[in-house]
Colleague: 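Here it is: the structure, laid out below.
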Amino acid sequence: MQGSALCPGSFDPVTNGHLDVIERAAPVVDLLYVAVFTNMGKSPLFTAAERVDMLRVATAHLPNVRVEAASGLLTAYARDRGIRIVLRGLRAVSDFEYELAMAEMNKQLYAELETLFMMTRPAHSFLSSSLVKEVARWGGDISGLVPDHVSCRLREKFGTARN
Ligand code: PNS
């Protein structure tokens, strides 16, 4: 696919599910922006700078991926950069209504913007940053769910030892 695409999210923190989508999307576009936004419905554990940092480390092997912190509307960010494709991972039917509402609102705000969905691998269909944080908070084993450096950051945040 020619041109650039945007993979937006709160990434609090990035999980192996996010990374799977990013790694599969990067080869099919020229440039993939991964933008760390504020989701007004969530209060983040990590600062935007921390989330960007974790994503940059996790995607360092992907030369056409650009990780940035973003604020304001997704459509403004996309318009400023001439981006016309938004890419979102879909885990299960339960994601659908939320994703449909966002895709339609974004289309309303920026008619040339298309939202494309990539199915996450079944192995990641249960995986979310929220669940990872909950398990990490109580010292549970999150290996295999997030990259090792993210798991360290979570343990530091919660002051929990490796279980
Ligand atoms: O990973 P998330 O929390 O599901 O991502 C949601 C996100 C950050 C993509 C969404 O909240 C968003 O687009 N925020 C930016 C502000 C915006 O444009 N809101 C209107 C969305 S229709």
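In each ligand, atom 1 is the first atom listed, and ligand 1 is the first ligand listed.
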Colleague: Considering heavy atoms of the protein only, find what lies nearest to atom 14 (N) of ligand 1 and give residue, atom and distance to 0.1 Å.
Modeller: Thr38 O, 3.6 Å
Colleague: Kindly confirm or rule out an N or O of Ser10 lying under 3.5 angstrom from an N or O of ligand 1.
Modeller: yes
Colleague: Is it true that a side-chain atom of Asn64 and a backbone atom of Val29 form a donor plus acceptor pair closer than 3.5 Å?
Modeller: yes
Colleague: Looking only at distance, does Asn106 have an N or O less than 3.5 Å from an N or O of ligand 1?
Modeller: no
Colleague: If we ignore hydrogens and angles and just use 3.5 Å, is the side chain of His124 paired with the main-chain N or O of Arg91 as donor and acceptor?
Modeller: no
Colleague: Is it true that, when you exclude Phe126 itself, more than 12 heavy atoms of the residues, nucleotides or ligands shown sit nearer than 6.0 Å to its CZ?
Modeller: yes
Colleague: What are the atoms of ligand 1, with element, lying closer than 4.0 Å to any heavy atom of Phe37?
Modeller: 8 (C), 15 (C)
Colleague: Heavy atoms only, cut-off 4.0 Å: how does Met40 contact ligand 1, side chain, backbone, both, or neither?
Modeller: neither
Colleague: Side chain, backbone, both or neither: which part of Thr75 comes within less than 4.0 Å of ligand 1 when only heavy atoms are counted?
Modeller: neither
Colleague: Donor-acceptor pair, Arg137 side chain versus Phe158 backbone, under 3.5 Å?
Modeller: no
Colleague: Hey, does the side chain of Arg81 reach the backbone of Tyr77 with a donor-acceptor pair shorter than 3.5 angstrom?
Modeller: yes
Colleague: Specify the protein heavy atom at minimum distance from atom 6 (C) of ligand 1: its residue, its atom name, and the distance to 0.1 Å.
Modeller: Tyr98 OH, 3.4 Å
Colleague: Hey, is Tyr77 one of the residues with a heavy atom under 4.0 angstrom from ligand 1?
Modeller: no
Colleague: Test your reading of the model: is there a side-chain donor-acceptor pair from Ser128 to the backbone of Leu131, 3.5 Å cut-off?
Modeller: yes
Colleague: Checking Asp12 side chain against Arg51 main chain: does a donor-acceptor pair fall under 3.5 Å?
Modeller: no
Colleague: Does the distance from a Lys or Arg side-chain N to an Asp or Glu carboxylate O, for Arg88 and Asp95, drop under 4.0 Å?
Modeller: no
Colleague: Below 4.0 Å from any atom of ligand 1, is there a heavy atom belonging to Gly72?
Modeller: yes
Colleague: Return the residue, atom name and 0.1 Å-rounded distance of the protein heavy atom closest to atom 18 (O) of ligand 1.
Modeller: Leu74 N, 2.8 Å
Colleague: Which of the atoms of ligand 1 are close to Met105, meaning less than 4.0 Å from one of its heavy atoms?
Modeller: 22 (S)
Colleague: Measuring from atom 19 (N) of ligand 1, which candidate in Leu109, Leu73, Thr115 has the nearest non-hydrogen atom?
Modeller: Leu73
Colleague: For ligand 1, is any non-hydrogen atom under 4.0 Å from Arg88's backbone (N, CA, C, O), its side chain (CB onward), both, or neither?
Modeller: side chain
Colleague: Should you measure from each heavy atom of Gly9, which atoms of ligand 1 turn up under 4.0 Å away?
Modeller: 1 (O), 5 (O), 8 (C)
Colleague: So which heavy atom on Leu109 is nearest to which on Arg79, and how close?
Modeller: O-NH2, 2.6 Å
Colleague: I need the nearest protein heavy-atom contact for atom 10 (C) of ligand 1: residue, atom name and distance, please.
Modeller: Met102 SD, 3.8 Å
Colleague: Is there a side chain to side chain contact (heavy atoms under 4.5 Å, CB included) between Thr115 and Lys107 once you walk through the steps?
Modeller: CA-CA 8 Å; Thr115 302; Lys107 188 90 180 143; over 6 Å; no
